[in-house]
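This structure is a prediction, so every number in the text was calculated from the model and none was measured.
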Amino acid sequence: MKNTFKKFAIIALSCMMVFALAACGGGGGSSESSGAGELHIGGIGPLTGPAALYGQAVKNGAEIAVKEINEANPDGVQIVFDMQDDEHDPEKSVNAYNTLVDDGMQVLVGTVTSAPCTAVSAEAYANRTFALTPSASATSVVEGNDNVFQLCFQDPQQGQIAAEYIAKNFPDAVVGAIYNNSDNYSSGIFDAFKKALGEKGMSVAAEEAFASDDNADFSAQLNKMKNANVDLLFLPIYYTPASNIMKQAHDMGYAPKYFGCDGLDGILALEGFDTALAEGALLLTPFSADAEDEATQAFVSAYQEAYGEKPIQFAADAYDCIYTVYNCFNETGLGTDASMEEICEAMIEKFNGGFTATGLTASGDMKWAPTGEVEKAPKIYLIQDGKYVEQ
């Protein structure tokens with residue numbers, strides 16, 4: 001049944017693209033506005049290093065979308081996608097961006113993580129490159145950059161949503177938090193979480209920071225949580241330090257309930273991690289591979305067929321980014337011979353004019369504010385029996 005649906009989706013996509021191009025054809029643009037040519041999309045993210053699981057997921061998800069679009073539209077615009085490794089390093093990310101520009105990139109999907117994306121956003125603003133990041137959630141990514149948009153929730157949004165959920169569902173909990181104070185993503189979520197929780201009449205009973213995702217010893221932080229009787233531990237951090245925290249807490253006989261954000265997604269796929277340690281944890285993410293809707297399952301089926309594993313949120317968001325960029329580009333009426341700057345200005349106008357990504361995405365319909373943040377429905381999931389169960 002999944003294969004049948006997938007074939008149907010490809011046929012339907014072809015029909016939709018033909019209709020979209022026909023609608024745009026009378027509005028000017030180049031001689032290629034009928035759909036011929038190649039649209040060069042660049043990607044940047046950590047394909048190696050401690051955050052490589054995120055970057056590889058983005059690369060894989062994007063490549064699934066590229067393959068589907070190109071096969072469904074052999075006579076239309078074809079996407080050429082090039083993903084560069086930045087190792088989660090801002091300087092290397094800027095170098096990767098310059099490489100992509102030199103190679104003819106017209107639109108950027110990236111970068112994957114917040115600190116590198118903040119650095120690249122400044123370059124993209126100066127060069128007038130349209131950028132849609134699947135997962136860089138810091139507010140600094142879009143602040144002052146009218147050409148940069150986020151498909152993921154911003155950090156303050158995640159902190160606000162998490163606090164509201166905890167206040168509603170765990171009003172008597174003793175809440176603690178461990179976060180990375182050297183990382184914009186982690187500290188941004190924590191600051192918003194602490195403020196929002198206070199507005200709900202609750203407080204963070206204990207808070208502890210660390211300074212690097214390479215940190216391997218969390219005994220001091222965990223002892224403080226345990227001594228403060230924290231029974232709900234908020235972890236606005238990435239999956240690698242979170243896995244160390246869960247293991248070390250278990251080894252010392254401490255078993256709080258964990259609540260993470262989208263950075264926790266991927267922990268079940270972390271090599272060498274005992275997934276039983278994450279049982280009962282909650283996380284905020286707009287996507288679950290276990291969701292039963294047809295669009296999600298068509299994507300999951302294609303991903304598993306290509307890579308032999310379930311996709312995480314980062315893969316789904318990258319898949320959505322490619323479709324969103326492609327559909328928005330077609331709506332501009334421009335041809336693929338348009339310059340990077342021309343495409344940038346036209347797509348900004350579309351995004352600011354109410355462009356909505358709908359129908360073909362893996363994580364639901366969405367639209368954007370002129371300030372760059374996305375508007376889409378948040379979802380809370382419980383890790384139960386090695387799967388995500390929506391709450």
Side-chain angles (χ1 to χ4, degrees), residues 46 49-54 87-89 113-115 135 137-138 155 158-159 162-163 165-166 170 173-195 197 202-285 312-314 380-383 386:
L53 191 151
Y54 296 140
E87 300 177 42
H88 184 45
D89 179 277
T113 49
S114 288
S135 49
S137 53
D155 297 340
Q158 295 198 65
Y165 184 88
I166 288 171
F170 302 98
V174 179
V175 179
I178 299 177
Y179 68 101
N180 184 344
N181 63 359
S182 69
D183 181 65
N184 289 341
Y185 165 80
S186 186
S187 58
I189 293 177
F190 173 70
D191 290 344
F193 172 79
K194 184 177 180 179
K195 180 176 183 293
L197 198 66
M202 297 180 68
S203 63
V204 177
E207 60 183 78
E208 281 287 288
F210 62 96
S212 171
D213 284 337
D214 293 330
N215 186 52
D217 183 6
F218 291 93
S219 56
Q221 291 93 336
L222 287 168
N223 276 312
K224 182 170 182 179
M225 297 300 128
K226 188 175 182 180
N227 292 336
N229 297 314
V230 168
D231 55 14
L232 195 157
L233 183 53
F234 184 55
L235 300 176
I237 57 180
Y238 293 129
Y239 61 88
T240 299
S243 70
N244 290 330
I245 287 171
M246 290 179 182
K247 182 180 184 304
Q248 291 168 31
H250 176 265
D251 290 346
M252 64 187 286
Y254 176 44
K257 189 171 190 67
Y258 299 105
F259 195 113
C261 296
D262 58 3
L264 195 63
D265 192 19
I267 196 167
L268 298 181
L270 182 61
E271 185 176 356
F273 177 68
D274 180 2
T275 57
L277 299 177
E279 187 73 8
L282 291 158
L283 72 157
L284 171 67
T285 175
I312 61 174
Q313 173 208 324
F314 291 79
I380 306 291
Y381 289 94
L382 172 71
I383 297 178

Rounded at 0.5 Å granularity, tell me how far CG in Leu283 sits from OH in Tyr381.
9.0 Å

Show the numbers, then the answer: is there a side chain to side chain donor-acceptor pair (under 3.5 Å) between Asp262 and Tyr54?
CA-CA 11 Å; Asp262 58 3; Tyr54 296 140; over 6 Å; no

After noting the C-alpha distance and the side-chain angles of Ile178 and Leu222, does the key distance pass the side chain to side chain contact (heavy atoms under 4.5 Å, CB included) rule?
CA-CA 9 Å; Ile178 299 177; Leu222 287 168; 4.2 Å; yes

Backbone N/O of Ala216 and side chain of Gln248: donor-acceptor pair under 3.5 Å
yes

With a 4.0 Å cut-off on N to O distance, would you call Asp191 and Lys195 a salt bridge?
no

Side-chain contact test, heavy atoms from C-beta onward, threshold under 4.5 Å: evaluate it for Ser137 versus Gln158 and give yes or no.
yes

Side-chain donor-acceptor pairs under 3.5 Å in residues 252-259, sequence neighbours left out?
{"unit_1": "Tyr254", "atom_1": "OH", "unit_2": "Val230", "atom_2": "O", "d": "2.7"}
{"unit_1": "Lys257", "atom_1": "NZ", "unit_2": "Gly280", "atom_2": "O", "d": "2.7"}

Decide yes or no for Cys261 and Phe234: does some side-chain heavy atom of the first lie under 4.5 Å from some side-chain heavy atom of the second?
yes

Residue pair Ser243 / Phe273: nearest heavy atoms and the distance that separates them
CB-CD1, 3.6 Å

My understanding is that only residues two or more places apart in sequence, or in another chain, count here; which of them pass salt bridge (Lys or Arg N to Asp or Glu O under 4.0 Å) with Lys224?
Glu208

Separation of Leu264 CG from Met246 CE (nearest 0.5 Å):
5.0 Å

Tyr239 and side-chain contact (heavy atoms from CB on, under 4.5 Å): which partner among Leu268, Asn244, Ile267, Asp265?
Ile267

d(Phe210 CZ, Asp217 CG) to nearest 0.5 Å is 12.0 Å

Rounded to the nearest 0.5 Å, what's the gap from CD on Glu207 to CE on Met225? Could you check?
8.0 Å

Taking all non-hydrogen atoms of both residues, which atom of Val174 and which atom of Ala205 are closest, and how far apart?
CG1-CB, 3.7 Å

So which atom in Ala206 and which in Ala228 form the shortest heavy-atom distance, rounded to 0.1 Å?
CB-CB, 3.9 Å

How many angstroms lie between CG in Asp89 and OG1 in Thr113, if you round to the nearest 0.5 Å?
9.5 Å

Please report the shortest heavy-atom distance between Ser182 and Ala211, naming the atom on each side.
OG-O, 2.6 Å

Atom pair CZ (Phe218) and CG (Leu235), whose distance is rounded to the nearest 0.5 Å:
9.0 Å

Determine whether more than 12 heavy atoms belonging to other residues, nucleotides or ligands lie under 6.0 Å from atom NZ of Lys194.
no

Please determine, by modelled atom types, if Asn181 and Ser187 share a side-chain donor-acceptor pair under 3.5 angstrom.
no

Smallest separation among heavy atoms of Asp214 and Pro50, with atom names
OD1-CG, 4.0 Å

Closest non-hydrogen contact found for Ile189 with Pro236 is CG2-CB, 3.6 Å

What do the steps show when you test Val204 against Phe193 for side chain to side chain contact (heavy atoms under 4.5 Å, CB included), and what is the final call?
CA-CA 9 Å; Val204 177; Phe193 172 79; 4.1 Å; yes

State, with a plain yes or no, whether a side-chain heavy atom of Leu282 is found less than 4.5 Å away from one of Tyr165.
yes

Test your reading of the model: is there a side-chain donor-acceptor pair from Ser114 to the backbone of Ala138, 3.5 Å cut-off?
yes

